[in-house]
Amino acid sequence: MEVVSPRTLEEALRLRAAEPGLMPIEGGTDVMVDLNFDRRRPVGLLNLNEVPELRGWSRDDGLLRIGASLTYAQVRQRPLADTLPALAEAARTVGSPQIQNRGTLGGNLGTASPAGDSLPPLLIERADVELASVRGVRTLALERFLLGPKRNALAADELIAGIRVRPSGARQTFMKVGPRNAMVIAVVSLALAVDREREELRAAYGSAGPVPGLVTASTGERETFPELVAAAAEPIDDLRGTAAYRRHALRVLVGRALERCWA
Amino acid sequence: MSAPPARKLQLGRVGETVQRVDAIPKVTGEFAFSSDLFAAGMLWGHTVRSPHAHARIVSIDISQAVPMPGVQAVLTHEDVPGAKHYGLEFPDQPVLAIDRVRYFGEPVALVAAEHPEQARRAASRIAVEYEPLEPIVDAERALAQEELHPNRPTSGHGYREDPRPNVVRTMVVRHGDPDAEGDVSVSGVYELGIQDQAFLGPESGLAIPDGEGGIDIYVATQWLHVDRDQVAPCLDLEPERVRIHLAGVGGAFGGREDLSMQIHGAMLALRTNRPVKIVYNRQESFVGHIHRHPARIWAEHRADRDGKLKCVRMRILLDGGAYASSSTAVTSNAASFACGPYAVENALLESTCVYTNNPPCGAMRGFGAVQTCFAGEAQMDKLAAALGVDPVELRLRNALAPGDTLPTGQKLTGSLPVAEVIRRCAAIPVPEPDGLPRDAIRLPGGSGNVTRGEGVRRGVGFAVGFKNIGYSEGFDDYTAARVRLFTDRSGGLVAEVHCAAAEVGQGVSNVLVQVARTELDIVDDVLLAPHTTATVDSAGSASASRMTWMSSGAVRLACAAVREELDRRGGSLDPGEEIDIERIYRHPRTTPLDPETGQVTGERAHVAFACAAMRVVAEVDTELGLVRVAWIGTAQDVGKALNPQAVHGQIEGGTAQGVGLALMEEIQTEDGLITNASFTDYLIPTALDMPRVVAELVEDAEPDAPYGVKGVGEPPTVVSTAAVVAALRAATGRELARVPVRPEHLAGL
Ligand SMILES: Cc1cc2nc3c(=O)[nH]c(=O)nc-3n(C[C@H](O)[C@H](O)[C@H](O)COP(=O)(O)OP(=O)(O)OC[C@H]3O[C@@H](n4cnc5c(N)ncnc54)[C@H](O)[C@@H]3O)c2cc1C
């Protein structure tokens, strides 16, 4: 299989436009699994690991820009971890140290799994996805980027360049339920923020609907919020858990998260 | 000729901790597993498997596959040179499916090609037309459904006649008066899912034609000679022309007792006259070996007011899947150990295993005793609660002791220190609960960060279990060892040990060397020859916790004979002179159980027994149903620890496997099709799920065994599932009658 390794974003976008059959690869922690299981047979790989513009993160007047290549291990580091604490907590739950060293936020967005652990924390911070192509750059609210299970709004000639987010400063947390204490795909997950400034409660669930979903309410609705979130979710029965359990767990998680973030 | 100076080996004898011979290469990644094998010019084999759990094969068309690039052979059942069926104990399994497939993943055709990818592509061009049949997937219903094996392969082997369809074996043990009443009675229905051995090294091996019609097979297996004896008839070769050599084993746990790629690789190699390598991938591995029998168990325990067991009644239904494998022995074991390590005057124990179209089941660590220990120990706790007696005390009151009689009528003549393991385990101080706040990683849910202590309750559980050591019911079991004594260049005496004992990670290689060092204290060095069928007779299986006992017995005999011969020759060897002696060791003979009553027909049906007690502290998030096993203390009856570090390793590993069955390990199926054939969804414990184990070794010598040794691999697995679930019950107050326990059950949904 052919692997092309562009050295600039511009070159990457040109290659992307010229050969949409090339599959972008960052950490490869999803791509390589798919290839191994023969789920996908791309003509080649577009290796984004040598593209400097996709790396690191920067801050400009309160607006954070996170490159698509940021790994979970990097997300866990300060000062970024203090700025997006729920995302850092989510990063800690991802796979194992090996996966956290290779896996990236861009890859998690690319996969767009209902169980993607970075997605709920980014939803509660109302993050935007930065999509680049030879045609230019557009940003899309994450909610609108996620279309369905493993489906996103990426156009055939686009790459995920990064994430733009204005950190709310709200107290927040991330929780993930799985039958094993590490290395597990979320049976259900939750990110929650208590935003005093905007008097808003924001919760986003994972693995409880076709896409991670955002639910908001005013801080005055604390009592009913667990029920509201549980009712908004659209969980199903599958081999990892039942719909009833997912809804129940979500209720419990929201109650605990509110407790954790209220003070 | 002068006597050699006494340069005795000082270290590494029996009873001392010796670093595993394979420790460093395994840690550094240099150890060659069977999947790492390579031979110049080798081809890659691939297996075409059934996508159905039950179907008739209408036709197999290979014409599109044969001309594919790189393809050197495409084989079906028509190409099997000899016997078309094989089996570990009963030849009921086709080498390649003939007119019917009976389980999901059953091998149907083979391809050999220059590159594994070419083999896979060609395999996808083989057109198999199936006519799907209704799969038999419920063990209870199977007893009234159409016969999957109308010729009843297991009947007429001295087993009880059971005319119901699809019975692999039924075993009934009647002991005393099965209708005896007690002052109290407790009952329950228990269920266990299908556990997988989940060894990390997938089935793999390399078959190399010897150019004279014979074949050398390098493979990860548990019993080299029984592989040979199954492979040879299917290839239509004399056994000597099939040589099996042990390749690096990446875990076994019973899952490598049955054949996987051996015949297939050999068929392709003999057809192409080229070496052929086959490596299963992870998904394929889940259908490439047998699993632990899922079970449903109905139990009733009756006791008098003092807590003395009066009568145990248990009905055990095991799902054996599509082929017999070792199911008949598992069936019998389940009944034999149904009462646990307790003295019971009266019992009625009925164990039945059925054929279904579910994944085939056979040997797995614990072998029938795991299932009944889970049910029996839950019953003992229920009884303790009903009587208001401390559960440990109740177990002590009923503990079996030498001189007692088992439900099978076998008198305990050897060692079985049940009361002592209970006392020793109970005496290990249970640590204080870890305080709060603490890192979520050390709370239920672990890295999921779900609780800071909310909803968490602590529970402590206790369980005791036992099982047999060695093969039972009259099986003529032996182990051969050969010792060659010669002088090296500097005149030192060297002993070379040949034994076909499979090193499956349990550490038997060390044991073989340790025994030779102990028995031949005159030698300067001990070498271990490769494990193979080519140079020595059978060692029997690395299973049933038997190998350390049997192989140390055999090496000891051979060493004694060598020693005697050396003495006869004046105590030394000249350069070039050698002594080469093979000896066979047998354990005390067993006899079958009576098919009607399940009673012994001689002195014993089982060779010996080993027991273990375990206490588990678990924290449960009772709202989310998540668990942290916080601490495990155990005392195990080991006879004599030949290599104490290895014994502790076996206890920890065996315990982890039981923790896995208690909390997460289950092969899930839908109409017989496996739906979670990957480590994404078949979960095994991680380091965060497994606490440190404090283990006490109880050394009570087994009178009939070399050095008083007992096997140690299985008792921890037998007892740990029961002990973990007991802790979960204590934390939640729920019945939890099924394992693996699911979060929704712990949360009461
Ligand atoms: C053992 C294991 C454990 C795991 N555990 C977790 C877990 O706990 N939680 C979790 O959420 N995930 C988990 N994953 C999944 C995976 O690690 C994550 O989804 C990770 O974020 C993927 O990142 P990556 O850089 O490896 O992506 P890659 O595999 O490189 O790519 C993933 C997808 O995104 C596309 N893509 C990547 N970069 C771009 C880009 N810049 N523009 C457009 N498309 C792009 C790729 O084409 C591909 O479709 C696990 C995976 C493994 C193997």
Side-chain angles (χ1 to χ4, degrees), chain A residues 1 30 33 35-38 41 76 85-86 88-97 100 115 117 121 173-191 206 226 237-260, chain B residues 117 120-121 124 281-283 439-455 621-629 659-660 663-670 674-690 740-749:
Chain A
M1 197 190 326
D30 281 322
V33 174
L35 296 185
N36 193 31
F37 282 154
D38 216 359
R41 283 277 166 146
R76 290 181 61 179
E89 285 177 337
R92 191 188 188 194
T93 76
V94 171
S96 57
Q100 291 172 20
D117 284 328
T173 191
F174 176 81
M175 300 163 153
K176 164 166 135 184
V177 171
R180 175 164 81 178
N181 287 337
M183 276 284 281
V184 71
I185 296 178
V187 169
V188 61
S189 64
L190 174 82
D237 286 337
D238 65 19
L239 71 150
R240 294 182 191 135
T242 63
Y245 174 77
R246 289 183 159 111
R247 226 184 266 283
H248 161 83
L250 212 42
R251 219 175 276 127
V252 173
L253 293 180
V254 175
R256 289 182 186 178
L258 283 169
E259 192 70 35
R260 227 182 251 186
Chain B
E117 196 50 41
R120 261 192 296 274
R121 287 186 190 180
S124 70
N281 67 28
R282 179 58 56 199
Q283 281 169 298
D439 189 340
I441 227 141
R442 291 191 299 116
L443 280 160
S447 69
N449 191 34
V450 290
T451 179
R452 301 276 152 90
E454 306 96 310
D621 182 332
T622 52
E623 292 171 328
L624 293 174
L626 304 180
V627 176
R628 170 186 178 236
V629 178
V659 168
L663 296 177
M664 59 189 88
E665 293 192 36
E666 180 172 10
I667 290 201
Q668 300 187 38
T669 61
E670 227 176 83
I674 299 182
T675 55
N676 63 336
S678 81
F679 284 149
T680 306
D681 284 307
Y682 184 90
L683 301 182
I684 55 178
T686 69
L688 273 190
D689 301 284
M690 185 58 198
V741 176
R742 295 182 64 101
E744 52 265 37
H745 298 151
L746 283 166
L749 295 185

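Residue numbers begin at 1 in each chain, while the letters A, B, ... track the order of the sequences.
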Sort B:Ile684 into side chain, backbone, both or neither according to what part of it lies under 4.5 angstrom from a heavy atom of chain A. both
Could you tell me the separation between the CG atom of A:Leu253 and the CZ atom of A:Arg260, rounded to the nearest 0.5 Å? 8.5 Å
Side chain from CB out, backbone as N, CA, C, O: work out which of these in B:Leu749 comes under 4.5 Å of a heavy atom of chain A, or both, or neither. side chain
Is the closest basic N to carboxylate O distance between B:Glu117 and B:Arg120 below 4.0 Å? yes
Between A:Asp238 and A:Arg246, does any side-chain N to carboxylate O distance fall below 4.0 Å? yes
Which one of A:Met175, A:Arg240, A:Arg180 has the most heavy-atom pairs closer than 4.5 Å to chain B? A:Arg180
Decide whether B:Thr686 and B:Asp689 meet the rule of one side-chain donor and one side-chain acceptor closer than 3.5 Å. yes
Part of A:Ser96 lying under 4.5 Å from any heavy atom of chain B: neither
Quick one: does A:Arg92's side chain get under 4.5 Å of B:Ile441's, heavy atoms only? yes
Would the distance check show the side chain of A:Lys176 and the main-chain N or O of A:Val184 forming a donor-acceptor pair, the cut-off being under 3.5 Å? yes
Structural part of B:Gln283 lying under 4.5 Å from a heavy atom of chain A: side chain
Which bit of B:Gln668 is near chain A, if near means a heavy-atom gap under 4.5 Å: side chain, backbone, both or neither? side chain
Contacting moiety of B:Leu624, where chain A heavy atoms sit under 4.5 Å: both
Assess whether salt bridge (Lys or Arg N to Asp or Glu O under 4.0 Å) is satisfied between B:Glu623 and A:Arg256, documenting all intermediate values. CA-CA 11 Å; B:Glu623 292 171 328; A:Arg256 289 182 186 178; 2.6 Å; yes
Checking B:Asn676 against chain A: side chain, backbone, both or neither under 4.5 Å from a heavy atom? both
Backbone of A:Val94 reached by a side-chain donor or acceptor of A:Gln100 within 3.5 Å: yes
So which of B:Arg452, B:Arg628, B:Met664 has the biggest tally of heavy-atom pairs under 4.5 Å with chain A? B:Arg452
Check whether B:Val741 gets within reach of chain A through its side chain, its backbone, both or neither, counting any heavy atom under 4.5 Å. neither
Could you look at A:Ile185 and say if it's the side chain, the backbone, both or neither that has a heavy atom under 4.5 Å from chain B? side chain
Distance col, row B:Leu443:CG vs B:Thr451:OG1, nearest 0.5 angstrom, shows 6.0 Å
Which atoms of A:Arg251 are under 4.5 Å from chain B, going by heavy atoms: the side chain, the backbone, both sets, or neither? neither
Which atoms of B:Pro444 come close to chain A, meaning under 4.5 Å heavy atom to heavy atom: side chain ones, backbone ones, both, or neither? backbone
Inter-residue atom distance B:Asn449.CG - B:Asp439.CG, 0.5 Å rounding: 8.5 Å
Among A:Val252, A:Thr93, A:Leu239, single out the residue with the greatest number of heavy-atom pairs under 4.5 Å to chain B. A:Leu239
Using non-hydrogen atoms and a 4.5 Å limit, figure out which bit of A:Val188 sits close to chain B: side chain, backbone, both or neither. neither
What is the distance from atom CE of A:Met183 to atom CG of A:Asn181, rounded to the nearest 0.5 Å? 13.0 Å
Checking A:Ala182 against chain B: side chain, backbone, both or neither under 4.5 Å from a heavy atom? both
Using a cut-off of under 4.5 Å for heavy-atom pairs, which of B:Thr675, B:Thr680, B:Asp621, B:Val627 has the most such pairs with chain A? B:Asp621
Heavy-atom distance under 4.5 Å to chain A: side chain of B:Asn281, backbone, both or neither? neither
